[in-house]
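Just follow the structure's listing: the first ligand is 1, and inside any ligand the first atom is 1. Remember, it's a predicted structure, so these values are computed and weren't measured experimentally.
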Amino acid sequence: MTTRRITTKRRIAVIGAGTVGSHLARGLSAAGHDVVLGVRDPEQERAGLEGLARATPAGAAAGADAVVLAVPAAALAAVVPGLGLADGAVVVDATNAVGVPVPDGHDTLGALVADLAPGAAVVKAFNTIGGEHLESATIDGRPAFLPVAGDDRGRPLVVELAGDLGFEVADLGGPDAIRLVEDAARLWIHLAIRCSWGREFAFGVLRP
Ligand SMILES: NC(=O)c1ccc[n+]([C@@H]2O[C@H](COP(=O)([O-])OP(=O)(O)OC[C@H]3O[C@@H](n4cnc5c(N)ncnc54)[C@H](OP(=O)(O)O)[C@@H]3O)[C@@H](O)[C@H]2O)c1
């Protein structure tokens, strides 16, 4: 569980309530933030979502300080335009292109999200670790490494949220660094699947 005390309570919308969305929502909620899950059927009872507020995706996004995208990459084009994002809205892209190529014309999924949400401040984060570890941000009590990159207008808030969860956060800089974050996720997935490491690991940082 989180060991930090947040300085500012934020309203966070997490769109998608699967592995990533549910664990991230629980972690941020346990840290003290006001979290609303955006789901297709808010009335549907679902195991694992007990105690978490639910709304439609657009309902969750309305008035949120940050909107996290935790849906399959293939669903982005259907989901993002319907969120009603205001100019300057902070959008956190946690998606990975697993089994689908990044759509033509886009170098990264983050760039695709930026095209789907004109005017939004798109930040890439929370995609380089197994979703179940987003809640505690640790492996055996040691903080996992989390790279963050994207729009200057949104990055400080996302770095703050990742720190609230307990991650060792690396602020990689602007949108040109999103590719590095997506490549880090590709490395994680390669190790987990092709190298048979499984899901019980996270990237960490060694310092003297
Ligand atoms: N799993 C991981 O360890 C992991 C780690 C890092 C990043 N990621 C990335 O994070 C994203 C989510 O992964 P996940 O494992 O959490 O997926 P998941 O368990 O399959 O959950 C996906 C969620 O997206 C929702 N969704 C799908 N299409 C939608 C639509 N058109 N409108 C609204 N909601 C929609 C689903 O809703 P329903 O329940 O209603 O179908 C479900 O709640 C993916 O891009 C994945 O690559 C995954």
Side-chain angles (χ1 to χ4, degrees), residues 12-28 35-50 52-62 64 66-85 91-103 106 108-113 116-117 122-139 144-150 158 161-162 165 167 178 180-194 197-203:
I12 314 295
V14 178
I15 312 302
T19 306
V20 168
S22 61
H23 287 282
L24 191 58
R26 266 200 295 276
L28 289 168
V35 182
V36 182
L37 278 168
V39 293
R40 289 189 270 205
D41 182 0
E43 305 303 325
Q44 186 190 12
E45 289 303 325
R46 297 172 61 157
L49 303 186
E50 298 83 2
L52 292 169
R54 277 168 279 168
T56 62
V67 179
V68 183
L69 302 174
V71 298
L76 286 170
V79 171
V80 177
L83 294 175
L85 296 165
V91 176
V92 190
D93 172 24
T95 68
N96 285 321
V98 181
V100 295
V102 176
H106 299 282
T108 62
L109 286 168
L112 168 65
V113 171
L116 292 169
V122 177
V123 179
K124 191 88 195 185
F126 303 126
N127 62 317
T128 56
I129 186 171
E132 59 272 38
H133 295 297
L134 284 164
E135 196 171 338
S136 73
T138 59
I139 299 277
F145 165 73
L146 194 88
V148 176
V158 181
L161 295 175
L165 286 166
F167 280 107
I178 284 178
L180 287 173
V181 183
E182 296 194 1
D183 284 345
R186 288 189 186 91
L187 175 60
W188 190 94
I189 293 164
H190 186 97
L191 290 166
I193 297 173
R194 182 98 76 89
W197 282 25
R199 302 178 58 83
E200 287 299 308
F201 76 98
F203 296 129

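The shortest N or O to N or O distance between F126 and ligand 1 is not under 3.5 Å. Inclusion of E132 in the set of residues having an N or O under 3.5 Å from an N or O of ligand 1 is not warranted. Ligand 1 has no nitrogen or oxygen under 3.5 angstrom from a nitrogen or oxygen of N127. Ligand 1 has no N or O atom lying under 3.5 Å from any N or O atom of G21, backbone or side chain. Note: an N/O pair closer than 3.5 Å links R40 and ligand 1 by distance alone. Between A75 and ligand 1, no N or O atom pair is found at a separation short of 3.5 Å.
Distances below 4.0 Å separate heavy atoms of A73 from the following atoms of ligand 1: 45 (O). Below 4.0 Å from some heavy atom of G130 lie the following atoms of ligand 1, by number and element: 3 (O). Within ligand 1, counting atoms from 1 as listed, the ones closer than 4.0 Å to a heavy atom of R199 are 1 (N), 2 (C), 3 (O). Within ligand 1, the atoms closer than 4.0 Å to a non-hydrogen atom of G131 are 2 (C), 3 (O), 5 (C), numbered from 1 in the order shown. The distance from ligand 1 to the heavy atoms of V79 drops below 4.0 Å at these ligand atoms: 30 (C), 31 (N), 32 (N), 33 (C). Short contacts between ligand 1 and A94, defined as distances under 4.0 Å to a heavy atom of the residue, involve ligand atoms 7 (C), 8 (N), 9 (C), 10 (O). Less than 4.0 angstrom separates some heavy atom of I129 from each of these atoms of ligand 1: 5 (C), 6 (C).
If you check which protein heavy atom lies closest to atom 43 (O) of ligand 1, you get A17 N, 2.9 Å. Nearest to atom 23 (C) of ligand 1 among the protein's heavy atoms is A70 O, 3.7 Å. Scanning the protein heavy atoms around atom 48 (C) of ligand 1, the nearest turns out to be V20 CG2, 3.3 Å. The protein heavy-atom contact nearest to atom 15 (O) of ligand 1 is T19 CB, 3.7 Å. The shortest contact between atom 44 (C) of ligand 1 and any protein heavy atom is with V71 O, 3.3 Å.
Distance screen at 4.0 Å: atom 21 (O) of ligand 1 has a protein heavy-atom neighbour inside the cut-off.
Counting only non-hydrogen atoms, the option in P72, A74, A97, G18 that gets closest to atom 24 (O) of ligand 1 is P72. Taking each of L134, T56, D41, N96 in turn, the one with a heavy atom nearest to atom 46 (C) of ligand 1 proves to be N96.
Annotation for L83 and V67: closest pair CD1-CG1, 4.2 Å, computed over non-hydrogen atoms. Residue A144 comes nearest to A202 through the heavy atom pair CB-CB, 3.7 Å, listed as atom of the first residue, atom of the second, then distance. Across A94 and N127, no two heavy atoms sit closer than the pair O-CB, 3.4 Å. Of all non-hydrogen atoms in L28 and V35, the two that sit nearest each other are CB-CG2, 3.7 Å. Taking every heavy atom of both residues into account, A60 and A13 meet most closely at O-CB, 3.3 Å.
Below 30°, between 30° and 60°, or above 60°: for F126 and F167 the angle between ring planes is between 30° and 60°, a tilted geometry.
Checked options I189, D183, L146, L180; the residue passing with T128 is L146 (criterion: side-chain contact (heavy atoms from CB on, under 4.5 Å)).
The closest donor-acceptor contact from the side chain of W188 to the backbone of F201 lies under 3.5 Å. Using a distance-only test at 3.5 Å, with no hydrogens or angles considered, no donor-acceptor pair links the side chain of E132 to the main chain of H23. Remark: side-chain polar atoms of D93 are paired, donor with acceptor, to backbone N or O of T95 under 3.5 angstrom. In this structure a side-chain-to-backbone donor-acceptor pair under 3.5 Å is missing from E43 to D41.
Between V39 and T56, the closest side-chain pair of non-hydrogen atoms is not below 4.5 Å. Using a 4.5 Å heavy-atom cutoff, the side chains of L109 and K124 are in contact.
Heavy-atom separations between R46 and ligand 1 include at least one value shorter than 4.0 Å.
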